[in-house]
Undergrad: 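What follows is a single structure, and I will ask about it in a moment.
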Amino acid sequence: MNVLIIGSGGREHALAWKLANSALVDNLYYAPGNGGMQQIATCVSLNTDHHDDVVAFCREQKVGFVIVGPEAPLVAGLVDRLDREGIKAFGPSAKAAQLEGSKGFTKDLCAKYNIPTAAYGRFDNAAEAKAYLAQQSAPIVVKADGLAAGKGVIIAQTLDEAAQAIDDIFGGQFGDAGAELVIEEFLEGEEASFFVLTDGKNILPLATAQDHKRVGDGDTGLNTGGMGAYSPAPVMTDALCQQVIETIIQPTVDGMAAEGSPFKGVLYAGLMITSRGPELIEYNVRFGDPECQVLMMRMKSDLLPVLLATADGQLDSVDVRWDDRPALTVVMAANGYPGAYEKGTEIRNLGTAAKDDNVEIFHAGTKADDNKICATGGRVLNITALGQTVSEAQKNAYNALDLIDWPEGFCRRDIGWRAIQREQEQG
Ligand code: AMP
Ligand code: GLY
């Protein structure tokens, strides 16, 4: 079967790397892709916002399956269009993708189906939002309703800060994503991510992971797309996973079906483990980046049949085997990220760095030019490793990373600290 992957991040490189090992894949294409994917698949210069062009390419190259990596094309209805054309695709419909595309939509769904989440209010004007705010106490969280590339969430330490966030959002700071906003209770606890596949009816739990969203060591500095991750997340015991399925995932899948927009694809639940139990912070309707990199590193089964079964409504007929060892990934980003950064700097020594059998290097913002790899984005490389413990996976990842010659890049030095602290406490 010919397969097309849409996207260009470390997530899509990890998916391509996994699919490149599948005996069921004949030709693997990606659009727009990156320097690492160029080495294992065929790059297609398609503007994926132009659904006509994607359809035409699939017909020309007899693509039998399209895997959509990022949220934007899902929310824009690429999978609906492919469905109408009779081209099989992995990912939710635009309506179901509202679980990520509109925070207010998700909060209302949680309210209707009794899914535990922070108390909230949903507003389309500043006066009502501020009247609600006056009844609350700080810290409090203000969120632009729509897709804001991970930047639309403000954790306000005071009510004045929250009022400012309301003005900024309605003032156009996040464009159309800020036409509405959600104000919600600040949840305390440890964060974890839980990934499941669902075909609209059946649920196949995949794995847990923990991300590191802040740019600096010790979880300090600005929020980013994610500076590193590991899987599994030790905080998510089997009992807690079961509780999350029963109280959060199952009612969501059933609720979406009851609302007439069954969710098919990967459902990524961002959770807070609070003293009241696990609560939903938010849903994403795609694999996490960089969480996907650690999931693919641990997945032993062929990925293609599992994704096909999701699209075909046959998830009850497949199973996934996992490597018991934890995996950890460290993101290397261009100096300056998440602010302004230089592009076009050369990265050397990647081949040597990736020699350890326990290590894979997934590219994000890179380009291959005349046998040179150059940085083109903010998050650039994902140095991913397996180990017997999270401590060992961390050591393997940093040993490989330290062989990379890229003075214009940086990384966090403490990825995995929570799990490693637990390992040390348990001796
Ligand atoms: P999001 O972009 O929705 O993932 O939010 C970014 C980050 O903000 C999350 O990963 C949490 O760390 C934090 N956050 C969002 N909502 C809440 C909340 N209600 N309480 C505490 N932290 C939150
Ligand atoms: N790493 C966070 C995300 O993919 O949204």
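Computation of the quantities below employed the complete heavy-atom set of this structure, encompassing side-chain atoms and omitting hydrogens, waters and symmetry-equivalent molecules.
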Undergrad: Is Asp312 paired with Lys88 through a side-chain N to carboxylate O contact shorter than 4.0 Å?
TA: yes
Undergrad: With under 30° as parallel and over 60° as perpendicular, where do the rings of Trp17 and Phe362 fit, or are they tilted in between?
TA: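 Answer is perpendicular, since the angle exceeds 60°.
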Undergrad: If we ignore angles and hydrogens, is there a donor and acceptor under 3.5 Å between the side chains of Tyr113 and Glu259?
TA: yes
Undergrad: Under a plain distance cut-off of 3.5 Å, with no hydrogens placed, do Ser391 and Glu423 share a side-chain donor-acceptor pair?
TA: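 A donor-acceptor contact under 3.5 Å links the two side chains.
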Undergrad: What is the minimum heavy-atom distance between Asp219 and Arg412, and which atoms define it?
TA: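 That closest heavy-atom pairing would be OD1-NH2, 2.8 Å.
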Undergrad: Would you confirm whether Gln394, through its side chain, and Ile415, through its main-chain N or O, come within 3.5 Å as a donor-acceptor pair?
TA: yes
Undergrad: Look only at the side chain of Arg379 and the backbone of Tyr337, and say whether a donor-acceptor pair between them is shorter than 3.5 Å.
TA: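 Absent.
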Undergrad: Return the minimal non-hydrogen interatomic distance between Asp145 and Ser102, and the atom names on each side.
TA: OD2-OG, 2.9 Å
Undergrad: Just do the side-chain contact (heavy atoms from CB on, under 4.5 Å) check on Val54 and Leu4 with the steps written out, would you?
TA: CA-CA 10 Å; Val54 178; Leu4 169 65; 4.2 Å; yes
Undergrad: For the residue pair Phe65 and Ala89, what are the closest heavy atoms and their distance?
TA: CE1-C, 3.7 Å
Undergrad: Taking atom types as modelled and ignoring hydrogens, do the side chains of Asp160 and Gln164 form a donor-acceptor contact shorter than 3.5 angstrom?
TA: no
Undergrad: Is the number of heavy atoms from other residues, nucleotides or ligands under 6.0 Å of Asn47 CG greater than 12?
TA: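 Yes, enclosed.
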Undergrad: Distance from His363 atom NE2 to Ile40 atom CD1, nearest 0.5 Å?
TA: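 Between atom NE2 of His363 and atom CD1 of Ile40 there are 9.5 Å.
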Undergrad: To the nearest 0.5 Å, what is the distance between CG on Leu240 and CG on Leu271?
TA: 8.0 Å
Undergrad: Which distance, rounded to the nearest 0.5 Å, do you find between the CG of Asp217 and the CE of Met227?
TA: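 Taking CG in Asp217 and CE in Met227, the distance rounds to 9.0 Å.
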Undergrad: So, do Val66 and Ile5 sit near enough that their side-chain heavy atoms are less than 4.5 Å apart?
TA: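 Not in contact.
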Undergrad: Please examine the side chains of Val141 and Val153, heavy atoms only from C-beta on, and report whether any two atoms are closer than 4.5 Å.
TA: yes
Undergrad: What heavy-atom pair brings Ser8 and Asn34 nearest, and what distance separates the two atoms?
TA: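 Closest approach of Ser8 to Asn34: O-ND2, 3.2 Å.
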Undergrad: Return the set of residues passing salt bridge (Lys or Arg N to Asp or Glu O under 4.0 Å) with Lys264 (not counting sequence neighbours), or none when no residue passes.
TA: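 Partners of Lys264 under the salt bridge (Lys or Arg N to Asp or Glu O under 4.0 Å) test: none.
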Undergrad: Does a side-chain N-to-carboxylate-O contact under 4.0 Å join Lys130 and Asp167?
TA: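 Counted as a salt bridge, because a side-chain N and a carboxylate O are separated by less than 4.0 Å.
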Undergrad: Please confirm whether the backbone N or O of Tyr268 pairs with a side-chain atom of Asn284, one donor and one acceptor, at under 3.5 Å?
TA: no
Undergrad: Can you check side chain to side chain donor-acceptor pair (under 3.5 Å) on Tyr29 and Gln61, steps first, answer last?
TA: CA-CA 9 Å; Tyr29 301 99; Gln61 299 301 328; 3.2 Å; yes
Undergrad: Are Glu291 and Arg11 close enough for a salt bridge, meaning some N to O gap below 4.0 Å?
TA: no
Undergrad: Is there side-chain contact between Ile166 and Ile183, with heavy atoms separated by less than 4.5 Å?
TA: yes
Undergrad: Quick one: does Gln293's side chain have a donor or acceptor within less than 3.5 Å of a partner on Ala14's backbone?
TA: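 No, Gln293 side chain to Ala14 backbone: no donor-acceptor pair under 3.5 Å.
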Undergrad: Which of these passes side-chain contact (heavy atoms from CB on, under 4.5 Å) with Leu204: Val266, Asp316, Val320, Val196?
TA: Val320
Undergrad: Let's go through Thr384 and Val359 carefully: what are the C-alpha distance in whole Å and the side-chain angles of both, what is the deciding distance for side-chain contact (heavy atoms from CB on, under 4.5 Å) to 0.1 Å, and is it a yes or a no?
TA: CA-CA 6 Å; Thr384 312; Val359 171; over 6 Å; no
Undergrad: For a 4.5 angstrom cut-off between non-hydrogen side-chain atoms, does Phe186 reach Ile140?
TA: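 No, every pair of side-chain atoms sits at 4.5 Å or beyond.
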Undergrad: Below 4.5 Å, heavy atoms only, C-beta onward: do Ile404 and Ile347 meet side chain to side chain?
TA: yes
Undergrad: Are the charged groups of Asp108 and Lys103 less than 4.0 angstrom apart, N to O?
TA: no
Undergrad: Of all the heavy-atom pairs spanning Thr310 and Thr198, show the shortest one and how long it is.
TA: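 Closest approach of Thr310 to Thr198: CG2-O, 3.3 Å.
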Undergrad: Does one side chain, of Thr252 or Tyr283, offer a donor that lies under 3.5 Å from an acceptor on the other?
TA: yes
Undergrad: Go through the steps to decide whether Glu282 and Lys143 satisfy the test salt bridge (charged side-chain N to carboxylate O under 4.0 Å, His left out), and finish with yes or no.
TA: CA-CA 11 Å; Glu282 60 157 4; Lys143 301 182 172 184; 5.8 Å; no
Undergrad: When you look at Leu109 and Leu99, which way does the side-chain contact (heavy atoms from CB on, under 4.5 Å) test go after all the steps?
TA: CA-CA 9 Å; Leu109 188 91; Leu99 280 178; 4.0 Å; yes
Undergrad: Thinking salt bridges, do Arg81 and Asp52 make one under a 4.0 Å N-O criterion?
TA: yes
Undergrad: Assess the side chains of Glu12 and Tyr30: does a donor N or O sit below 3.5 Å from an acceptor N or O?
TA: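 No, because no side-chain N or O of Glu12 sits under 3.5 Å from a partner of the opposite role on Tyr30.
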Undergrad: Got Glu100 and Leu147 here, is their nearest side-chain heavy-atom distance under 4.5 Å?
TA: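 When only atoms from C-beta onward are counted, Leu147 and Glu100 do touch, with a gap below 4.5 Å.
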Undergrad: OG1 of Thr237 to CD of Gln243: how many Å apart, nearest 0.5 Å?
TA: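 These two atoms lie 8.5 Å from each other.
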Undergrad: Hey, is the main chain of Val380 close enough, under 3.5 Å, to the side chain of Thr366 for a donor-acceptor pair?
TA: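 Not confirmed, Thr366 side chain does not pair with Val380 backbone.
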Undergrad: Using modelled atom types and a 3.5 Å cut-off, is there a donor and acceptor pairing between side-chain atoms of Ser317 and backbone atoms of Gln314?
TA: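 The answer is yes, because a donor-acceptor pair under 3.5 Å joins these two groups.
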Undergrad: Please tell me whether Thr117 and Lys107 have a donor and an acceptor in their side chains that are separated by less than 3.5 angstrom.
TA: yes
Undergrad: Begin from the C-alpha positions of Glu180 and Phe123 and carry the test side-chain contact (heavy atoms from CB on, under 4.5 Å) through to its verdict.
TA: CA-CA 6 Å; Glu180 275 192 45; Phe123 305 98; over 6 Å; no
Undergrad: Quick test of your reading of the model: are Asp323 and Arg325 salt-bridged, counting only N-O distances below 4.0 Å?
TA: yes
Undergrad: Tell me, with the steps shown, if Gln210 and Glu190 meet side chain to side chain donor-acceptor pair (under 3.5 Å).
TA: CA-CA 10 Å; Gln210 221 160 26; Glu190 185 169 344; 2.9 Å; yes
Undergrad: Going by an N to O cut-off under 4.0 Å, is there a salt bridge joining Arg214 and Glu191?
TA: no
Undergrad: Is a donor from one side chain sitting under 3.5 angstrom from an acceptor on the other, for Glu246 and Gln242?
TA: yes
Undergrad: To the nearest 0.5 Å, what is the distance between CD1 (Ile383) and OG1 (Thr329)?
TA: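 So the gap between those two atoms works out to 6.5 Å.
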Undergrad: Does His212 use its side chain to pair, donor to acceptor, with the backbone of Gly228 at less than 3.5 Å?
TA: yes
Undergrad: Return the minimal non-hydrogen interatomic distance between Gly225 and Asp211, and the atom names on each side.
TA: O-OD2, 4.0 Å
Undergrad: Using 0.5 Å steps for rounding, measure from the CG atom of Asn382 to the CE atom of Met297.
TA: 11.5 Å
Undergrad: Less than 4.5 Å apart, any side-chain heavy atom of Thr208 and any of Ser193?
TA: no
Undergrad: For the side chain of Asn396 and the backbone of Leu386, is there at least one donor-acceptor N/O pair under 3.5 Å apart?
TA: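 A pair under 3.5 Å: yes.
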Undergrad: Mind checking whether Asp168 and Ile154 have side chains closer than 4.5 Å, heavy atoms only?
TA: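 Not in contact.
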